[in-house]
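Below is one structure, written out as structure tokens; comments come after it.
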Amino acid sequence: MTKVTVIDYLGNLGSVSRALEWLGAEAEVTDEPERVLGAGHLILPGDGAFGYGMQQLRDKELIEPVLEFIASGRPFLGICVGMQVLLSESEEFGIHEGLNVIPGRVVPFPPRDAGKRAFKVPHIGWSFLHPPGEQPNTHDGCPPAWAGTMLGDLRDGDSVYFVHSFLAMPDDATHRLADSDYGDQAVCAVVAQDNVTGCQFHPEKSGPVGLRILKRFIES
């Protein structure tokens with residue numbers, strides 16, 4: 001049985017743990033730095049605000065263990081806010097420094113779309129995944145760019161569940177593994193770099209599609 005360590009710092013623990021256990025993994029929930037550093041697989045979940053999440057990581061003395069874990073090459077998954085804090089900084093309720101694992105910024109949705117209609121924020125609901133710069137269902141099956149990644153068992157156009165008010169904007173387009181669309185706004189849905197993957201959506205709440213992502217992570 002694979003043990004997956006889930007960091008206890010900003011909620012969203014129960015649904016992530018239950019999904020892992022349903023897939024046959026052992027979910028270890030902890031905020032102890034030594035357990036984080038000693039993990040085999042590590043998940044940083046999170047519901048809430050970027051700045052508060054980073055403050056919790058600082059207060060619990062978890063930032064250095066997380067960065068050391070990532071540098072070791074072991075599998076790491078960030079979910080929702082746990083994905084956003086991988087970037088350099090956020091503009092949510094002021095300017096807040098992130099982990100800077102993936103250079104970039106977290107910014108608000110623009111106030112209006114191209115048709116001058118106001119965006120309804122937060123973005124809540126199901127949206128299609130597709131490779132950046134493409135339309136959903138361009139590929140029959142899994143897009144080539146997803147092969148060998150945490151999305152390797154997905155099909156172009158699979159739907160996942162989002163709840164977020166801010167957008168992750170990586171500086172390097174190659175770190176942007178998958179997008180989704182909210183109105184005419186492209187949403188960075190998945191970031192990836194080496195052993196690190198971050199999902200803006202909630203795989204643990206995305207039905208069979210999300211479970212395929214988590215299964216791939218457990219088996220990585």
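What you see is a predicted model, and the numbers here were worked out from it, not measured in a lab. What's counted below: heavy atoms across the whole structure, side chains too, no hydrogens, waters or symmetry copies.
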Sub-3.5 Å donor-acceptor pair from the side chain of [X] to the main-chain atoms of [Y], do we have one?
{"X": "Thr5", "Y": "Leu42", "answer": "no"}
{"X": "Ser17", "Y": "Gly14", "answer": "no"}
{"X": "Gln193", "Y": "Val101", "answer": "yes"}
{"X": "Asp156", "Y": "Asn137", "answer": "yes"}
{"X": "Arg216", "Y": "Thr149", "answer": "yes"}
{"X": "Ser88", "Y": "Gly104", "answer": "yes"}
{"X": "Glu204", "Y": "Ala19", "answer": "no"}
{"X": "His41", "Y": "Ile218", "answer": "yes"}

Would you say [X] and [Y] are hydrophobically clustered, going by side-chain heavy atoms of ILVMFWY under 4.5 Å?
{"X": "Val191", "Y": "Val209", "result": "no"}
{"X": "Leu67", "Y": "Leu86", "result": "yes"}
{"X": "Leu10", "Y": "Val6", "result": "no"}
{"X": "Val190", "Y": "Leu87", "result": "no"}
{"X": "Val187", "Y": "Trp146", "result": "yes"}

With Arg176 as reference, evaluate Asp179, Thr174, Asp172 under the side chain to side chain donor-acceptor pair (under 3.5 Å) test and give the passing residue. Asp179
Taking only residues at least two apart or on different chains, which pairs with a member in residues 24-41 satisfy salt bridge (Lys or Arg N to Asp or Glu O under 4.0 Å)? Glu28-Arg35, Asp31-Lys60, Glu32-Arg35
Step-by-step side-chain contact (heavy atoms from CB on, under 4.5 Å) determination, His202 to Asn12: CA-CA 10 Å; His202 288 271; Asn12 195 34; 3.5 Å; yes
Within 6.0 angstrom of [X] [atom1], more than 12 heavy atoms from elsewhere:
{"X": "Trp126", "atom1": "CH2", "result": "yes"}
{"X": "Glu21", "atom1": "CD", "result": "yes"}
{"X": "Glu61", "atom1": "CD", "result": "no"}
{"X": "Glu97", "atom1": "CD", "result": "no"}

Worked check of side-chain contact (heavy atoms from CB on, under 4.5 Å) between Ser180 and Phe201: CA-CA 10 Å; Ser180 188; Phe201 56 90; over 6 Å; no
When Ile7, Val36, Leu62, Asp8 are each screened for side chain to side chain contact (heavy atoms under 4.5 Å, CB included) with Thr30, the one that passes is Val36
I want to check something: taking the side chain as every heavy atom from C-beta on, are [X] and [Y] in contact at a cut-off of under 4.5 Å?
{"X": "Ile63", "Y": "Arg58", "result": "yes"}
{"X": "Pro170", "Y": "Cys188", "result": "yes"}
{"X": "Ile124", "Y": "Phe162", "result": "no"}
{"X": "Cys142", "Y": "Arg155", "result": "no"}

Rounded to the nearest 0.5 Å, what separates atom [atom1] in [X] from atom [atom2] in [Y]?
{"X": "His164", "Y": "Met83", "atom1": "NE2", "atom2": "CE", "value": "8.5 Å"}
{"X": "Ser15", "Y": "Asp47", "atom1": "OG", "atom2": "CG", "value": "7.5 Å"}
{"X": "Ser220", "Y": "Leu77", "atom1": "OG", "atom2": "CG", "value": "9.0 Å"}
{"X": "Ile70", "Y": "Asp194", "atom1": "CD1", "atom2": "CG", "value": "11.0 Å"}
{"X": "Met1", "Y": "Leu23", "atom1": "CE", "atom2": "CG", "value": "11.5 Å"}
{"X": "Asn195", "Y": "Ser72", "atom1": "CG", "atom2": "OG", "value": "6.5 Å"}

Determine, step by step, whether Val81 and Tyr52 satisfy the side-chain contact (heavy atoms from CB on, under 4.5 Å) criterion, reporting the C-alpha distance in whole Å, the side-chain angles of both residues, the deciding distance to 0.1 Å, and the verdict. CA-CA 10 Å; Val81 177; Tyr52 181 69; over 6 Å; no
Work out which heavy atom in [X] is nearest to a heavy atom in [Y]; give both atom names and the distance.
{"X": "Ala192", "Y": "Ile102", "value": "N-CD1, 4.4 Å"}
{"X": "Val163", "Y": "Cys80", "value": "O-SG, 3.6 Å"}
{"X": "Gln185", "Y": "Pro110", "value": "OE1-CG, 3.3 Å"}
{"X": "Cys199", "Y": "Pro203", "value": "CB-CD, 4.2 Å"}
{"X": "Tyr9", "Y": "Pro45", "value": "OH-O, 2.6 Å"}
{"X": "Glu92", "Y": "His96", "value": "O-CD2, 3.1 Å"}

So Phe128 and His130, ring pair (Phe, Tyr, Trp, His ring centres under 6.0 Å) or not? Walk me through it. CA-CA 7 Å; Phe128 300 117; His130 57 83; 8.7 Å; no
side-chain contact (heavy atoms from CB on, under 4.5 Å) evaluation trace for Val4 with Ile43: CA-CA 7 Å; Val4 180; Ile43 293 180; 3.8 Å; yes
Looking just at side-chain N and O atoms, do His139 and Glu134 make a donor-acceptor pair shorter than 3.5 Å? yes
Mind running side chain to side chain donor-acceptor pair (under 3.5 Å) on Asp59 and Gln55 for me, showing each step along the way? CA-CA 6 Å; Asp59 290 348; Gln55 186 60 53; 2.7 Å; yes
Hey, can you tell me if Phe76 and Phe69 have their rings parallel, tilted or perpendicular (30° and 60° cut-offs)? tilted
Below 30° counts as parallel, above 60° as perpendicular, anything between as tilted: where do the rings of Tyr182 and Phe109 land? perpendicular
